[in-house]
Amino acid sequence: MSGLANPVQWLIDALTRGGSEENEKRLTAEACLKYAPVWYAVSRIAGHVGQLPSVIHKRINGGAEPAKDHQAYRLVKSRPNKYQSAFTWKQMTMVHALICGNGRSLIVRSGTRPTELLPIMPSQSDTLMNEGEKWHLVKLDREVQSQYKIPTRNAAITRQWPDVWAFPDKDILHIMGLSLNGYVGLRLSDYASQSLGLGMAQERSVSKQTKKGFNGSLMLAAPPGAFPREDDAKEFLKEFRNEHAGEDNAGAIGMLRRGVTANVVAMNNRDLQALESRQFQRQDVALWFLLEHILGDASTVSYNSLTERNLAYLSNCLGRWLKIFEEEIDEKLLTEQEKATDSHFCRFSTGALLKTDMQTTATTISTLITATVLTPNECRALLDYNPIEGGDKLANPATSSGAPGGDDMDGKDDMDKDEMMKERATSGSRRAMESMLGNLIGVEAKRCIAGTKAKNFLQWMDSFYARWETKLADEIETLGGDRQLATTHCAESKRRLIEASGLVE
């Protein structure tokens, strides 16, 4: 293409791309959202992207922590611009990406520091490649131009179209859907127009038929001569409706006179086919949005637990959108030094989805730690928790006090025999105590897992620990320890249980 050497022609080609005939056939985003299955799918995906916390982190030893002092921390977590919350901005961007293939936001900067993210309507923007560089055409109203003092990018375009601007890719946060060329997303409303149009047409047809003709479920048949006058028939029908129609008369016993019989109108084959077709249309919409389950369709894949369903949804649908957001934020809002050293990164916290089934989560994590497959810190990372001291060792906490195979005698060859025997005895006694306490903690964990089935988990937890603290204190005292340790342990256990269950933030 000629590129910006001929910006006017370049702009004309971009804004008229597709031709008038194709544009006339295009299914608009508004029309798509009027179709209930599309509304459900878009609302679900966009709502979850908006709901999940997005935070810029700074890497620390063995983990990461929120980089609250970072220049873009507030933009992606709470306030991307003056009039939108982070939830509203992410949800709106996802709606644009799902329906129109592209969600764009202008990055307003003060020097090199990003200060705002302004969403751009898909109908007012386009993306093109020029001599190997990605550019975005954006139509901005004069109020935005004056308020944010956006610099002119190309004089020729500005003279011809004062409201149209050309921005390099570094100034646009671009959430792109499925693409053929790698720089602009495909419009779902174009590619799914026939599929979605069929479902919409069927809804219009059913609606017209309902308004147009009889759709009752009961017909009264009168023998010849039962009603010699039309007024008699109308009066009989009126009395019948008064006696039997309406919710107040549901279940009432009726009597037919003059030889009148009642015939129940069964659903015909055409109506049955219409219902089956509507169910198929819901499945079709789920395919377009990569959803394995959609409301109102009982024939889709079933799962044994909420966790399994959320994991399937996260891996097959939601995860790819979260990854696009994270990569765009890392590329456009981090400094060159931060990107080069990999010191900062953006992450969406999916723990809210994975922690919905507390019992399954607790059982899985406990099994992985006990089997020495993962360390406690690796399991905490799965839940987006920071590492704890001593949590990087692979060990079964119920049977070991350290790393497997540890002898606690390394580096002590110079000790005399008596001291070695004394320390070995002390170490053995300590391990016996830890084993006994480990067994008690194992019992405590199992009872807590069982307690998650209680109707009021907080009430159950208070009742359980009131008894458990006394039992634990007696055991610790028997081993020669301080009873106060039981009080401290129970208080910390209750705090962590409440945190893990998501009952408080």
Side-chain angles (χ1 to χ4, degrees), residues 15-50 90-104 119-127 174-181 184-212 270-301 309 312-313 316-322 324:
L15 296 181
T16 60
R17 184 170 56 188
S20 57
E21 182 178 355
E22 180 181 343
N23 291 334
E24 288 177 1
K25 297 180 180 179
R26 171 173 289 179
L27 190 64
T28 65
E30 291 77 9
C32 290
L33 290 174
K34 290 180 181 179
Y35 188 36
V38 174
W39 177 277
Y40 170 83
V42 172
S43 298
R44 183 184 185 190
I45 299 172
H48 277 139
V49 171
K90 288 183 289 187
Q91 180 177 248
M92 178 181 179
T93 304
M94 272 307 306
V95 172
H96 293 171
L98 288 167
I99 299 295
C100 303
N102 302 276
R104 303 180 182 90
I120 302 169
M121 294 298 292
S123 59
Q124 297 178 335
S125 56
D126 202 352
T127 302
H174 186 196
I175 306 302
M176 181 177 65
L178 196 65
S179 174
L180 289 175
N181 54 29
V184 63
L186 303 174
R187 289 177 59 96
L188 177 75
S189 53
D190 288 347
Y191 283 79
S193 59
Q194 293 184 352
S195 176
L196 300 182
L198 180 62
M200 296 176 189
Q202 190 172 26
E203 279 198 345
R204 289 193 295 268
S205 176
V206 173
S207 178
K208 289 180 180 179
Q209 181 63 30
T210 302
K211 294 178 181 179
K212 181 179 178 180
R270 181 179 179 182
D271 293 334
L272 288 173
Q273 290 176 355
L275 288 177
E276 291 178 358
S277 180
R278 292 198 66 184
Q279 182 176 348
F280 171 76
Q281 291 301 324
R282 289 195 294 269
Q283 296 174 1
D284 219 20
V285 170
L287 290 176
W288 284 107
F289 288 96
L290 303 181
L291 295 175
E292 296 184 17
H293 169 77
I294 198 165
L295 193 65
D297 183 8
S299 64
T300 50
V301 179
R309 189 174 69 183
Y313 169 53
N316 298 337
C317 174
L318 194 62
R320 61 188 294 265
W321 291 110
L322 300 182
I324 294 173

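In what follows, residues are counted from 1 in the order of the sequence shown. Because the structure is a prediction, the values reported are computed rather than measured.
With values rounded to the nearest 0.5 angstrom, Met176 atom CE is found 9.0 Å from Leu186 atom CG. We find the CG-CH2 distance between Leu178 and Trp288 to be 10.0 Å, quoted to the nearest 0.5 Å. Between the NE2 atom of His96 and the CZ atom of Arg187 there is a distance of 11.0 Å, given to the nearest 0.5 Å. Distance CG/Leu196 to NZ/Lys34: 14.5 Å, rounded to 0.5 Å. Atom CD1 of residue Ile120 and atom OG1 of residue Thr93 lie 10.0 Å apart, to the nearest 0.5 angstrom. Taking CD of Gln124 as the reference point, atom CG of Asp126 lies at 12.5 Å (rounded to 0.5 Å).
Remark: Leu290 pairs with Cys317, Arg320 by the side chain to side chain contact (heavy atoms under 4.5 Å, CB included) rule, at least two apart or across chains. Under the rule for a side chain to side chain donor-acceptor pair (under 3.5 Å), the partners of His174 that lie at least two apart in sequence or sit in another chain are Asn102, Lys134. With sequence neighbours excluded, the residues forming a side chain to side chain contact (heavy atoms under 4.5 Å, CB included) with Ile324 are Ile175, Trp321, listed by chain and number. By the side chain to side chain contact (heavy atoms under 4.5 Å, CB included) test, Leu322 pairs with Val49, Leu52, Leu314, Leu318, Phe348, Thr350, sequence neighbours left out. Residues passing the side chain to side chain contact (heavy atoms under 4.5 Å, CB included) test with Pro119 are Asn81, Tyr83, Gln84, Trp89, Met92, Ser105, sequence neighbours excluded. Residues forming a side chain to side chain donor-acceptor pair (under 3.5 Å) with Ser179 (at least two apart in sequence, or on another chain): Asn181.
For the pair Arg44 and Phe289, the cation does not sit on the ring face, since its NZ or CZ is not both under 6.0 Å from the ring centre and inside 45° of the axis.
At least one side-chain heavy atom of Tyr35 sits less than 4.5 Å from a side-chain heavy atom of Val285. For the pair Lys90/Met94, no side-chain contact is recorded, criterion being any heavy-atom separation below 4.5 Å from C-beta on.
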